Number of protein chains: 2
Amino acid sequence: MSTTPGTPTTDWLRLDQQICFSLNAASRAFGGLYRVLLKDLGLTYPQYLVMLVLWEHGDLPVKKLGEHLRLDSGTLSPLLKRLEAAGLVRRERSARDERSVEVGLTEEGAALRERAVQVPLRIAAATGYEVEEIGRLRTQLDELTEALDAAAAAESAGRP
Amino acid sequence: MSTTPGTPTTDWLRLDQQICFSLNAASRAFGGLYRVLLKDLGLTYPQYLVMLVLWEHGDLPVKKLGEHLRLDSGTLSPLLKRLEAAGLVRRERSARDERSVEVGLTEEGAALRERAVQVPLRIAAATGYEVEEIGRLRTQLDELTEALDAAAAAESAGRP
DNA sequence: AGCCATTTAGTTGTGCACAACTGAATTGTG
DNA sequence: CACAATTCAGTTGTGCACAACTAAATGGCT
């Protein structure tokens, strides 16, 4: 790959910073607001995401949970242990497939949902965006994610 | 804040997942692609961001570096020690203000820039977006970050 | 049945993000 | 000048992300 004529390398290095960096900053800013709002619930932001999935889909094996969240067992195992220690979640080996671990909500975990409802409302208010606008942004980001994942996969499997 | 009539709480909890989660996923997808592309340079993605700032602005105290990157010394200190150990960066106490530590590029660190130029080009190609489109997205994300930061600040200083 | 590739959780090690804190230098104020 | 408040870098502790690995269970194939 060669440098495009008329575009000094300096500009590329700056432009580059803006895309990935802005995304990174926005993600961390979300994390910061969630941290504040979730403090009362005793949840971290990733733990909250796990609870969202369980509230929506009910009991799931770790594998499925990971697919919803794009996370692997290396991240989920310790996180789930902490949720279990907090009494929000149960973990038990599946009877029919001993490799699999079923993750389910305890009563306390299910009850927490009531208190969690206010969180997205406050988040939405904080963004200052309309629902429709958020949807557009989400779509764009999902497309971006797909393209980046594909590129990373292509790169790590012998250069295409 | 009260629940909007006609919008069941279930939907809010789902919608919520989409915004923050898509952003999170996109950020991590960027991380994944950068990880692959930066492997040759021996840099992690956050280390690369630090190098970008130094390449653009020259020597800076840790504080200023942190302002550019929205990171504090708790994150930067160990990261900079690793860059120093890799021979890419110098760190020395400022003579005029002994509290401050000046971070500068070594020859090796400055030279690495040449090899880094290809990275943003490959990233840009991977996104499949035009430069203009990327700029629009960046602007949106920066607005979002600002709004979220303001909200988090307002929340953590006694509810407004 | 016997064996092997695959699937599934979990563990280990590295690095980042961030809160809370420490310690030293500087600045502001009486 | 003296002293309190602030600034700055660093340390510690917790939690997450991810790569590389282990171990056990499963399923396919001969």
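Quantities reported herein were computed from a predicted structural model and do not represent experimental measurements. Chain A is the first sequence line, chain B the second, and so forth, proteins listed ahead of strands; every chain is numbered from 1.
- Atom CG of A/L65 and atom C1' of C/dT8 are 14 Å apart (whole Å).
- Of all heavy-atom pairs between A/S22 and B/R138, the closest is OG-CG, 3.0 Å.
- Considering A/V53, A/L112, A/V119 as possible partners of A/Y48, the one that fulfils the side-chain contact (heavy atoms from CB on, under 4.5 Å) test is A/V119.
- The side chain of B/S77 places an N or O atom within less than 4.0 Å of a non-bridging phosphate oxygen (OP1 or OP2) of D/dG10.
- For B/T75, counting side-chain heavy atoms from C-beta on, the closest listed nucleotide (C/dA9, C/dC18, C/dA20) is C/dC18.
- Side chain of A/T106 to backbone of A/G109: a donor-acceptor contact under 3.5 angstrom is found.
- Rounded to an integer number of Å, the gap from CZ of B/R93 to P of D/dT7 is 17 Å.
- Other residues, nucleotides and ligands place more than 12 heavy atoms under 6.0 Å from the CD atom of A/E133.
- Between B/E84 atom CD and D/dA9 atom C1' the separation is 13 Å, expressed in whole Å.
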Can you check each nucleotide of nucleotides 22-29 of chain C against protein heavy atoms at under 4.0 Å and return B for base, S for sugar-phosphate only, - for none, in 5' to 3' order?
---BS---

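- Look at CG on B/L76: it is 8 Å from P on C/dA17, rounded to the nearest Å.
- Within the 4.0 Å cut-off from OP1 or OP2 of D/dT14, not a single side-chain nitrogen or oxygen of A/T44 is found.
- For the pair B/P46 and A/G74, both in contact range of DNA chain C, the more 5′-proximal nearest nucleotide belongs to A/G74.
- With values rounded to the nearest 0.5 angstrom, A/L144 atom CG is found 6.5 Å from B/T127 atom OG1.
- Phosphate contact (OP1/OP2 of D/dG15, side-chain N/O of A/R35, threshold under 4.0 Å): absent.
- Closest contact between the side chain of B/R91 and the listed nucleotides D/dG10, C/dA17, C/dG10 involves D/dG10.
- Both A/K63 and B/Q47 lie near DNA chain C, and the one whose nearest nucleotide falls closer to the 5' end is A/K63.
- Checking each of A/L141, A/T139, A/I134 against A/L137 for a side-chain contact (heavy atoms from CB on, under 4.5 Å) leaves exactly one that passes, namely A/L141.
- The nearest whole Å value for the distance from the CG atom in A/D72 to the P atom in D/dT22 is 17 Å.
- To the nearest angstrom, P of C/dA17 lies 18 Å from CZ of A/F30.
- For the pair A/E92 CD and C/dT8 P, the computed distance is 19 Å after rounding to whole Å.
- Within the 4.0 angstrom heavy-atom criterion, only backbone atoms of the sugar-phosphate kind lie near A/K81; the bases stay farther away.
- Counting any heavy atom pair closer than 4.0 Å across all strands shown, A/P61 reaches sugar-phosphate atoms only and no base atom.
- When the P atom of C/dG15 is taken as reference, atom CG of B/L80 falls 14 Å away, rounded to whole Å.
- Applying the side-chain contact (heavy atoms from CB on, under 4.5 Å) criterion to B/R28, with sequence neighbours excluded, gives A/R70, A/L71, B/N24.
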